[in-house]
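Within every chain, numbering begins at 1; the chains are lettered A, B, ... in the order of the sequence lines, protein sequences first and strands thereafter. In what follows, every heavy atom counts, from backbone to side chain, and hydrogens, waters and symmetry copies are set aside.
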Amino acid sequence: MIDVILFLLIVIPLIVGILSFLLPKSARGICALVVTVVNFCMAVFLLKKECIVTLPWAGFGIDFSFRLYQFSGFIMLAVSFFSVLITLYSLNFLKDKDSSRQFYTYLLITLSFANGAVLANNLVVLLFFWEGLLLPLYGLIVIGGGKAFKTATKAFMIVGISDLCMMAGVALTGYLAKTLVIQDITLPLDAPGSLAFILLGIGAIAKAGAIPFHTWIPDAAEDAPLPFMAFFPAAIEKLLGIYFLARITLDLFQLNAHAGLSIILMTVGAITIIVAVMMALIQKDYKKLLSYHAISQVGYMILGIGTCLPAGIIGGIFHMLNHAMYKCGLFLTAGAVEKGTGTTDLERLGGLRSKMPVTFACYVIVAASISGVPPFNGFFSKELIYDAALERGAIFVLVAILGSFFTAVSFLKLGHAAFLGKARQEYQAVKEAHLSMLIPMIILAFVCVIFGVFNHIPINNFIQPILGENGEGHHFTGMPTNLTLVMISLLVLLGAFIHHFTAVKIMGGILKAVDHIHYAPGLSLLYQWAEKKYFDPYEIGIRLINKMSNLFWWLDRSVDWVYESLVVRVACGCSTAIRRIHAGYYVIYVVWSLLGAFLVIILFVLN
Amino acid sequence: MEYLILLAVLVPILGAFILPLIGWYAPKIRNLTALALVTISCGASALLVKPVLAGHIPTMTFPFPLGFDLILTADALGIFMAMVSSFIGMIIVIYSFGYIRHEANQNEYYLMVVLFLGSMMGIVYSQNLIYIYLFWEIAAICCWRLIGFYREREIILKADKAFLITVFGALAMLVGFIMLYNDFGTFDLRAMHGRAAPNVAVLLIMFGIFSKSATLPFHTWLPDAGVAPSPVTALLHAAVLVKIGVFAFARIFVGSLAIDPRWDHILPVVIALSALVAGGAALVETNIKRIIAYSTVSQIAFIFLGLMMKNPLAIAGGLLFILMHGLAKGGLFLCAGIVEHNTHTKDIRQMGGLIKTMPITAVSFACCALSVMGIPPFGGFFSKYMVIAGTLQTGNFMIAAVFLFGAVLTILYLFRMFNLVFLGEIKNPAVREGSYLMVCCVAVLAILSLAGGIFIRYPNQIIQATIQQLMGVR
């Protein structure tokens with residue numbers, strides 16, 4: 001029974017997704033909604049159940065194998081939860097758009113592949129679904145229209161290259177462990193083991209969108225349809241990426257706090273936090289600002305898991321869940337604003353509070369969550385990560401707290417610019433978003449509160465069991481234990497608040513509140529270069545590859561020149577020379593004959 | 001059961017010569033007869049699958065003096081290759097009905113195509129080196145006429161170039177075969193099993209194989225051969241010509257002769273260079289058919305890599321690659337044919353936004369391209385994974401890294417092409433979708449590329465049997 005449901009989880013969305021092309025436009029959304037709800041119900045049913053299914057597939061240890069257990073069931077539930085919300089939201093959001101034709105198809109394919117990737121119990125099966133997610137990723141960005149296909153290609157390339165690394169990692173892991181069954185793999189972190197870990201880790205953190213695999217996300221924020229942003233970079237990719245990172249650190253490789261790789265992971269996390277939040281700070285577009293935060297928050301998760309301490313891992317996974325909630329919620333508010341006003345440019349927005357009170361209320365809750373305001377969920381997961389990071393090194397906590405400060409500053413700026421301030425004349429007619437768009441936002445905001453106030457519900461039920469024996473005897477629920485850290489983070493929030501309002505007053509404009517950072521000496525140049533994409537590894541890589549391929553092209557042409565010119569010329573030259581010799585003058589032939597006779601005589605003499 | 005082999009080989013070879021006769025009276029019947037000949041050949045090979053999977057190897061021997069015995073055996077490797085070639089050949093013949101419809105010299109076209117496929121059957125079932133050479137040269141002649149199908153001078157020159165390079169390679173190979181005969185006293189590959197070949201002979205035979213399979217530095221005839229009609233290029237790239245060299249490598253060096261271990265270090269470097277140079281050239285090129293041709297050169301290197309690693313997983317990957325690449329590359333060329341037929345240009349810079357006007361072709365092209373890139377759920381994923389994983393298992397990390405970079409180049413140039421041709425602003429507004437038959441053919445290849453990934457279990461059974469026969473392991 002359970003094994004059949006596992007396959008249905010993959011097959012139903014896939015088949016319906018493809019067949020929904022045949023349906024009339026209006027029915028597609030409803031059809032997708034039904035499928036996602038059914039999927040959600042199945043995920044709820046499967047919760048806390050265990051099952052392993054194995055079917056023969058490609059041979060060589062590559063079996064089609066699924067394992068349902070506590071962790072995969074939980075991630076699957078989260079994935080289907082977000083699919084339901086996004087589908088519901090898109091019903092109205094995409095109603096008048098051409099792109100809705102393909103949107104639901106890709107969404108359902110994503111759901112199907114994500115389920116497959118989470119359930120996979122064989123590394124190649126995991127890779128199959130994991131890399132398969134490239135297709136809906138590309139498709140969902142392309143339907144943004146216009147030049148979106150360039151961003152889509154960029155996204156495909158970046159994630160695709162990291163998937164190639166992961167493929168090498170899978171091959172290496174399978175070779176070292178002599179099996180591809182994830183459940184049976186436990187590898188030591190020696191030299192080849194570390195290489196395998198790094199390669200798999202690249203796949204995981206690139207999916208999650210950490211630096212340096214992040215640069216497509218801000219571009220996609222401009223080009224792709226908004227529900228994509230709320231669904232993919234905000235929710236699904238974080239869930240999958242961090243899920244896999246947790247799996248490789250906990251199960252496959254047993255990373256411990258003494259390993260150098262743990263420091264590397266924490267450093268990647270810390271750099272991601274600070275660089276991305278600095279970029280987010282200066283953005284003047286609602287969606288783009290959010291997209292940089294989507295990158296920055298991954299840093300906390302990687303930092304948490306990288307600490308290799310129970311508190312950090314629990315904090316990291318809890319933060320992943322929380323982040324999916326509030327970032328998804330934030331993007332949905334951006335969508336509501338876009339739908340109402342037709343723009344997400346902060347320069348042109350303002351005073352929407354009275355026009356869209358529900359959206360504003362949701363914004364306040366989710367923005368408070370991401371900034372780490374107690375008692376919302378983000379506060380608790382961040383405190384857990386701080387706790388663990390403090391044990392590993394004060395510098396990491398410092399960076400993380402600095403990141404929180406800038407996060408709070410930028411969300412104060414965003415909320416202030418979009419919802420407060422003077423109401424603009426042109427937005428007099430703006431109305432509150434449609435109910436089907438409000439419901440997902442309200443649910444997300446509500447869950448943010450629940451997971452904050454009653455944080456033992458997710459932690460005890462879903463997250464702590466992941467650690468197994470390592471997690472026993474610890475308590476991560478309720479109020480954080482380290483009160484100094486709590487005080488510091490509260491002071492930082494207060495500081496951000498004061499900073500924002502003084503800066504607005506001094507600089508004389510809401511969006512100018514961060515200008516003293518933007519145009520600070522030294523930083524302004526860096527910002528300029530970053531805006532020109534000088535630091536974008538993708539752009540640099542493409543330039544390098546283009547130069548290299550010109551070299552290869554030249555090599556190819558020179559090989560061809562050998563056949564086209566050299567061989568021909570040599571052949572012509574030889575035949576011309578021979579023709580000259582045979583010109584018909586009998587003197588020449590006499591000379592040839594005499595020379596020949598001479599040679600014959602010499603040969604005879606020598607013999 | 002043995003007669004099925006004869007049927008598979010002789011029906012297309014002999015039947016091909018009847019086609020022009022029928023063609024003078026009834027072109028339509030000629031077309032259908034051509035299809036029937038290829039289908040019979042494919043069917044005969046398919047019927048052999050069951051006994052071979054059961055462990056039986058049908059063999060026929062016709063003794064001749066001087067080691068010229070005609071030995072036909074249907075082992076798993078031969079059947080696998082025969083089915084891939086004749087099946088893709090079948091689809092290409094159907095596609096030709098639409099594509100060649102308005103051209104002159106159709107009688108010769110069908111004669112050559114069917115003879116070409118027949119000679120391929122001859123190569124895959126032969127166990128005697130001399131007959132492999134014989135069919136090899138028949139294929140070269142057919143390919144010469146087919147590349148020069150349009151009779152302009154420039155095109156004839158390209159056909160001559162292809163013919164000369166491959167024939168010089170084949171002559172070198174023949175010398176190699178004769179050296180083997182001098183050493184072993186036989187042309188029978190089964191009798192040579194496991195014996196060490198002299199290095200010079202290996203070198204000479206590799207000349208032949210690399211020139212036929214368009215590997216650096218003998219590859220430049222293949223992009224030039226793009227002047228042929230699209231179904232012919234599809235045939236060259238996907239079904240027959242370049243696969244001959246790869247197959248001969250598997251037959252001679254994987255399945256029979258033992259070679260000096262030093263070759264294991266030299267040959268992978270050559271093909272790695274080939275993969276990189278062709279991948280780079282594909283990124284610069286702007287002619288749609290030349291890009292796909294360079295892509296073939298680069299992918300052939302992946303197949304060679306798989307076959308060169310002495311590792312069951314890698315060899316299985318190489319063989320699977322032949323199938324998946326055949327389906328996908330065939331599809332790409334046939335799609336390119338539709339595009340080129342309807343836009344009257346081959347320059348990708350002059351195309352754009354064609355997904356609006358020819359959606360099915362565009363989607364099929366995308367599917368085939370994704371399969372070539374090795375993106376799941378398409379079949380190319382497994383072949384690429386197996387080749388890379390097998391290479392890593394033999395400890396060749398550098399080579400594997402170079403090929404991973406080659407895979408990155410593959411993704412890049414295919415996306416560049418897809419984006420320029422099918423996305424972006426519409427530059428050819430008056431273009432229509434290809435004819436029903438042609439679009440069906442590309443859609444079938446696209447669907448098969450997808451099915452090849454999801455139902456990998458079925459092709460894998462034949463490949464497992466092949467590996468078992470080649471290496472004696474499972």
Trainee: B/Lys384 vs A/Leu164, test: side-chain contact (heavy atoms from CB on, under 4.5 Å). Steps then yes/no.
Mentor: CA-CA 10 Å; B/Lys384 191 177 71 176; A/Leu164 281 176; 3.3 Å; yes
Trainee: Run the numbers on B/Phe405 and A/Met548 for side-chain contact (heavy atoms from CB on, under 4.5 Å), then give the verdict.
Mentor: CA-CA 12 Å; B/Phe405 183 68; A/Met548 208 189 301; 3.9 Å; yes
Trainee: Taking atom CZ as the centre, does B/Arg349 end up with more than 12 heavy-atom neighbours from other residues, nucleotides or ligands that are less than 6.0 angstrom away?
Mentor: no
Trainee: What do the steps show when you test B/Asn419 against A/Lys150 for side-chain contact (heavy atoms from CB on, under 4.5 Å), and what is the final call?
Mentor: CA-CA 8 Å; B/Asn419 287 348; A/Lys150 292 200 168 146; 5.9 Å; no
Trainee: Among A/Trp554, A/Trp130, A/Phe113, A/Phe552, which residue has the highest count of heavy-atom pairs closer than 4.5 Å to chain B?
Mentor: A/Phe552
Trainee: Taking B/Phe397, B/Phe378, B/Tyr385, B/Tyr413 one by one, which has the highest count of heavy-atom pairs under 4.5 Å against chain A?
Mentor: B/Tyr385
Trainee: Check whether B/Leu370 gets within reach of chain A through its side chain, its backbone, both or neither, counting any heavy atom under 4.5 Å.
Mentor: side chain
Trainee: In terms of heavy-atom proximity below 4.5 Å to chain A, should B/Leu273 be classed as side chain, backbone, both, or neither?
Mentor: neither
Trainee: Taking non-hydrogen atoms and a cut-off under 4.5 angstrom, which of residues 278-287 of chain B neighbour chain A?
Mentor: B/Gly280, B/Ala281, B/Leu283, B/Val284, B/Glu285
Trainee: Tell me, do A/Phe156 and B/Ile375 make a side-chain contact under 4.5 Å, heavy atoms counted?
Mentor: yes
Trainee: Out of A/Ile545, A/Ile161, A/Leu555, which one racks up the most heavy-atom pairs below 4.5 Å with chain B?
Mentor: A/Ile545
Trainee: So how far is it from A/Lys147 NZ to B/Glu425 CD, rounded to the nearest 0.5 Å?
Mentor: 6.0 Å
Trainee: Distance from B/Leu412 atom CG to A/Ser549 atom OG, nearest 0.5 Å?
Mentor: 8.5 Å
Trainee: Measure distances from A/Leu14 to the heavy atoms of chain B and classify the residue's part below 4.5 Å as side chain, backbone, both or neither.
Mentor: neither
Trainee: Step by step, work out the side-chain contact (heavy atoms from CB on, under 4.5 Å) result for B/Tyr294 and A/Trp553.
Mentor: CA-CA 11 Å; B/Tyr294 278 119; A/Trp553 168 250; 3.9 Å; yes
Trainee: If you take all heavy atoms of A/Phe60 and B/Gln464, which pair is closest and at what distance?
Mentor: N-NE2, 3.9 Å
Trainee: Taking the side chain as every heavy atom from C-beta outward, state whether A/Phe64 and B/Ile454 have any pair of such atoms under 4.5 Å apart.
Mentor: no
Trainee: Is it the side chain or the backbone of B/Phe382 that comes within 4.5 Å of chain A heavy atoms, both, or neither?
Mentor: side chain
Trainee: Is the shortest side-chain heavy-atom distance between B/Phe381 and A/Leu127 below 4.5 Å?
Mentor: yes
Trainee: Any side-chain heavy atom of B/Ile456 within less than 4.5 Å of one from A/Phe128?
Mentor: no
Trainee: Do B/His219 and A/Val559 come within less than 4.5 Å of each other through their side chains, counting heavy atoms only?
Mentor: yes
Trainee: What closest approach, in Å, do A/Pro56 and B/Arg457 show between heavy atoms, and which atom pair accounts for it?
Mentor: O-CD, 3.5 Å
Trainee: Taking the ring of A/Trp57 and the ring of B/Phe455, is the distance between their centroids below 6.0 Å?
Mentor: no
Trainee: Answer yes or no: is there a side-chain heavy-atom contact under 4.5 Å between B/Trp221 and A/Asp560?
Mentor: no
Trainee: Of the non-hydrogen atoms in A/Ala171 and B/Leu392, which two are nearest, and what is the gap between them?
Mentor: CB-CD1, 3.7 Å
Trainee: Could you look at A/Tyr138 and say if it's the side chain, the backbone, both or neither that has a heavy atom under 4.5 Å from chain B?
Mentor: side chain
Trainee: Tell me the closest heavy-atom pair linking B/Pro377 and A/Leu135, and the distance in Å.
Mentor: CD-CD1, 3.6 Å
Trainee: Are more than 12 heavy atoms, taken from residues, nucleotides or ligands other than A/Tyr538, located less than 6.0 Å from that residue's OH atom?
Mentor: yes
Trainee: Are there over 12 heavy-atom neighbours, none belonging to B/Phe168, within less than 6.0 Å of that residue's CZ?
Mentor: no
Trainee: Non-hydrogen atoms of chain B under 4.5 Å away: do they reach the side chain of A/Ile62, the backbone, both or neither?
Mentor: side chain
Trainee: Would you indicate whether the side-chain heavy atoms of A/Met157 and B/Val408 approach each other to under 4.5 Å?
Mentor: yes
Trainee: Contact part of B/Leu320 toward chain A, heavy-atom cut-off under 4.5 Å: side chain, backbone, both or neither?
Mentor: neither
Trainee: To the nearest 0.5 Å, what is the distance between CG on A/Leu134 and CD1 on B/Ile411?
Mentor: 7.5 Å
Trainee: Would you mind checking which part of A/Val567 comes under 4.5 Å of any heavy atom in chain B, side chain (CB onward), backbone (N, CA, C, O), both or neither?
Mentor: neither
Trainee: What part of A/Val562 gets closer than 4.5 Å to chain B, counting heavy atoms only: side chain, backbone, both or neither?
Mentor: neither
Trainee: For chain B, which candidate among A/Val170, A/Leu55, A/Leu551, A/Leu195 shows the most heavy-atom pairs at distances under 4.5 Å?
Mentor: A/Val170
Trainee: Please flag which part of A/Met167 lies under 4.5 Å from any non-hydrogen atom of chain B: side chain, backbone, both or neither.
Mentor: both
Trainee: Aromatic rings A/Tyr563 and B/Phe218: how do their planes relate, parallel, tilted or perpendicular, breaks at 30° and 60°?
Mentor: tilted
Trainee: Between B/Thr220 and A/Asp556, does any side-chain donor sit less than 3.5 Å from a side-chain acceptor?
Mentor: no
Trainee: Chain B heavy atoms under 4.5 Å from A/Leu133: which part of the residue, side chain, backbone, both or neither?
Mentor: neither
